[in-house]
J.: 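Got a structure for you, questions after.
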Amino acid sequence: MKLPRILITAMRSGAGKTMLTCGILKAMKMQEINPASFKCGPDYIDPMFHKTVIGISSYNLDSFLCGENGVREILKKNGAGADISVMEGVMGYYDGIAGISSEASAYDIARITDTPAVMILDCKGLSVSAVPCIQGFLHYKEDSRIKGVILNRLSPMMYGRMKEMIEVQTGIKVYGYVPVMKDCALESRYLGLKLPKERKDTEDKLTRLGEQILKSVDIAGLLELAENAPELQEKKTQGYTSEMVENLAENAQYSTESVRTKDTVRIGLASDDAFCFFYQDNLELLQEMGAELISFSPLYDKQIPGNLSGLLFYGGYPELYAEELSKNESMKTSIKKALNGGMPCIAECGGFMYLQEYIRDESGTEFPMVGFLEGKSYPTGSLKRFGYVTLTGGRIFGKEAGGIPAHEFHYYDSEVCGEAFLAEKPMSNRSWKCMISTDTVLAGYPHIHYYGNEKIPENFLEQCRRCREQEKRARERDRT
């Protein structure tokens with residue numbers, strides 16, 4: 001299918017990918033161009049910034065978590081109808097699995113989707129050396145797909161000379177520049193950028209970025225590049241096929257044959273400032289499979305919504321709101337009662353921490369949480385078990401599901417992380433036990449994208465329907 005698209009990448013993290021991607025999206029919106037946006041890799045926060053700019057959800061493209069078919073399906077499904085699909089890269093262009101491979105890198109997404117890439121070059125303290133830097137990236141892979149560069153943090157006075165030098169000596173197009181814009185920098189903390197809504201001036205920053213990019217970046221040229229992208233091909237690959245990733249499950253692929261149903265079941269989705277890390281495709285896939293997602297706030301609501309047959313607690317920052325979450329006793333009581341009564345539940349990372357007995361904050365204060373699961377979570381000061389893993393050996397809501405590609409990214413740890421699965425790092429001998437899995441609960445630190453193994457949402461919703469029927473029978477008994 002014809003799908004205009006480009007990928008915005010860089011030589012390293014911190015070169016301005018998110019800032020300039022958001023600026024490009026904003027500039028396009030100002031010109032009444034309707035873009036779709038995507039983030040390479042497992043990141044939750046950058047897509048929030050995309051959504052703030054364009055007003056619709058942004059989606060993740062991750063070849064480890066979703067497989068090659070899944071990546072193409074997500075792009076096709078969510079890019080269709082847009083004027084252009086803009087993908088933001090992850091880390092450096094070729095940086096992938098285990099820090100020693102280009103598998104699951106931004107380059108890998110460009111390869112899988114046959115997308116032209118435009119590289120952001122941070123020009124602070126750089127002039128002639130820009131040429132060998134670009135040449136190295138162009139020639140590292142024969143099919144680099146790098147078609148142009150945008151020069152970031154460059155003086156307007158230098159732009160004309162830099163543009164001519166780069167285009168003559170590398171043969172690729174310079175699509176413009178962005179000067180130093182300190183007042184538009186996006187603030188970070190330990191899990192990435194601070195969330196868009198945490199700063200009142202986010203919208204103003206994005207507007208200023210868009211205005212600057214309209215002045216100094218060739219938006220028409222980027223659109224032309226995107227229009228000339230090849231048609232997106234349907235390929236019959238069996239998930240993530242690299243021989244270098246021996247431990248990845250064969251079923252790490254998107255399947256169009258999974259269950260789709262009109263038999264809806266009400267599922268409570270924890271969604272507020274403390275619980276905000278969602279893969280949009282996970283939510284939409286659940287809905288396609290029959291979930292009616294009912295949002296509620298563990299921070300501000302008094303109890304879970306009525307007539308639920310399942311609960312979802314994804315990641316976020318519960319540690320930043322530990323006191324508020326702890327004080328909401330009626331909410332904690334309603335959750336614990338539902339879970340003790342057999343209501344099915346998925347809890348990832350921050351959601352897993354919330355269901356345990358305590359969260360200890362940076363000051364050492366311990367705040368009581370729901371207490372459905374044993375253990376307490378505590379800060380460690382550094383990333384723990386960071387990166388991709390394959391989960392094997394466990395069952396999902398009482399049923400076999402095969403291997404599960406997943407990702408861990410957390411500075412907190414727990415006394416009780418579970419032992420239902422073996423997590424194995426790709427391209428490494430490292431492994432560990434993790435996850436709590438019963439007939440009604442799947443909980444732990446790993447984040448899971450359902451396109452990697454659709455047995456997870458299928459088994460979850462099957463158990464939710466079983467819970468619904470049990471509740472119906474119980475109500476009928478009470479009436480008689």
J.: Taking the side chain as every heavy atom from C-beta outward, state whether Asp204 and Arg208 have any atom pair closer than 4.5 Å.
T.: yes
J.: Under a 4.0 Å N-O cut-off, is there an ion pair linking Lys39 with Glu88?
T.: yes
J.: Do Asp114 and Arg145 sit within salt-bridge range, that is, some charged N less than 4.0 Å from a carboxylate O?
T.: yes
J.: Assess whether a salt bridge exists between Arg111 and Glu68, defined as any Lys/Arg side-chain N lying under 4.0 Å from an Asp/Glu carboxylate O.
T.: yes
J.: Would you please classify the geometry between the Tyr107 ring and the Tyr94 ring as parallel, tilted or perpendicular, with 30° and 60° separating the classes?
T.: tilted
J.: Are the side chains of Met162 and Val174 in touch, meaning some heavy atoms are under 4.5 Å apart?
T.: no
J.: Measuring only between side-chain heavy atoms, which start at C-beta, is Ile120 closer than 4.5 Å to Ile8?
T.: yes
J.: Could you tell me if Thr207 and Glu203 have a donor-acceptor pair between their side chains, going purely by distance under 3.5 Å?
T.: no
J.: If you count every heavy atom of other residues, nucleotides or ligands that lies below 6.0 Å from Glu419 atom CD, does the total exceed 12?
T.: no
J.: I'd like to know whether OH of Tyr59 has more than 12 heavy-atom contacts from other residues, nucleotides or ligands below 6.0 angstrom.
T.: yes
J.: Does a donor on one side chain sit under 3.5 Å from an acceptor on the other, for His447 and Glu408?
T.: no
J.: With a 3.5 Å cut-off and no angle check, do the side chains of Asp95 and Ser105 form a donor-acceptor pair?
T.: no
J.: Apply side-chain contact (heavy atoms from CB on, under 4.5 Å) to Cys417 and Trp432, showing your working.
T.: CA-CA 10 Å; Cys417 290; Trp432 59 88; over 6 Å; no
J.: Show, in sequence, the C-alpha distance, side-chain angles and deciding distance for Met19 and Leu209, and conclude whether the side-chain contact (heavy atoms from CB on, under 4.5 Å) test is met.
T.: CA-CA 8 Å; Met19 188 173 110; Leu209 276 170; 3.6 Å; yes
J.: Less than 4.0 angstrom from a charged side-chain N to a carboxylate O is my criterion; do Glu366 and Arg360 meet it?
T.: yes
J.: Taking the side chain as C-beta and beyond, is there a heavy-atom pair between Glu319 and Tyr412 under 4.5 Å?
T.: yes
J.: Quick check: do Ile109 and Ser63 have side-chain heavy atoms less than 4.5 Å from each other?
T.: yes
J.: Hey, are the side chains of Phe372 and Val441 touching, using non-hydrogen atoms and a 4.5 Å cut-off?
T.: yes
J.: Given 3.5 Å as the limit, does a donor-acceptor pair link the side chain of Thr115 with the main chain of Leu7, or not?
T.: no
J.: Kindly determine whether His449 and Asp281 satisfy side-chain contact (heavy atoms from CB on, under 4.5 Å), including the steps that lead there.
T.: CA-CA 8 Å; His449 197 296; Asp281 272 303; 3.8 Å; yes
J.: Using side-chain heavy atoms (C-beta onward) and a distance below 4.5 Å, is Ser102 in contact with Asp108?
T.: no
J.: Report the C-alpha distance between Glu284 and Lys77 in whole Å, list the side-chain angles of each, state the deciding distance to 0.1 Å, and finish with yes or no for side-chain contact (heavy atoms from CB on, under 4.5 Å).
T.: CA-CA 11 Å; Glu284 293 180 9; Lys77 175 183 174 183; 3.9 Å; yes
J.: Taking the side chain as every heavy atom from C-beta outward, state whether Met11 and Tyr93 have any pair of such atoms under 4.5 Å apart.
T.: no
J.: Using the rule ring pair (Phe, Tyr, Trp, His ring centres under 6.0 Å), only one of Tyr314, Tyr44, Tyr354 pairs with Phe275; which is it?
T.: Tyr354
J.: On the ring face of Tyr378, is Lys376 found with NZ or CZ under 6.0 Å from the centre and within 45° of the axis?
T.: no
J.: With a 4.0 Å cut-off, would you call Arg161 and Glu164 a salt bridge?
T.: no
J.: Is Glu231 salt-bridged to Arg72, going by a charged N under 4.0 Å from an acidic O?
T.: no
J.: Evaluate whether atom NZ of Lys399 has more than 12 neighbouring non-hydrogen atoms of other residues, nucleotides or ligands under 6.0 angstrom away.
T.: no
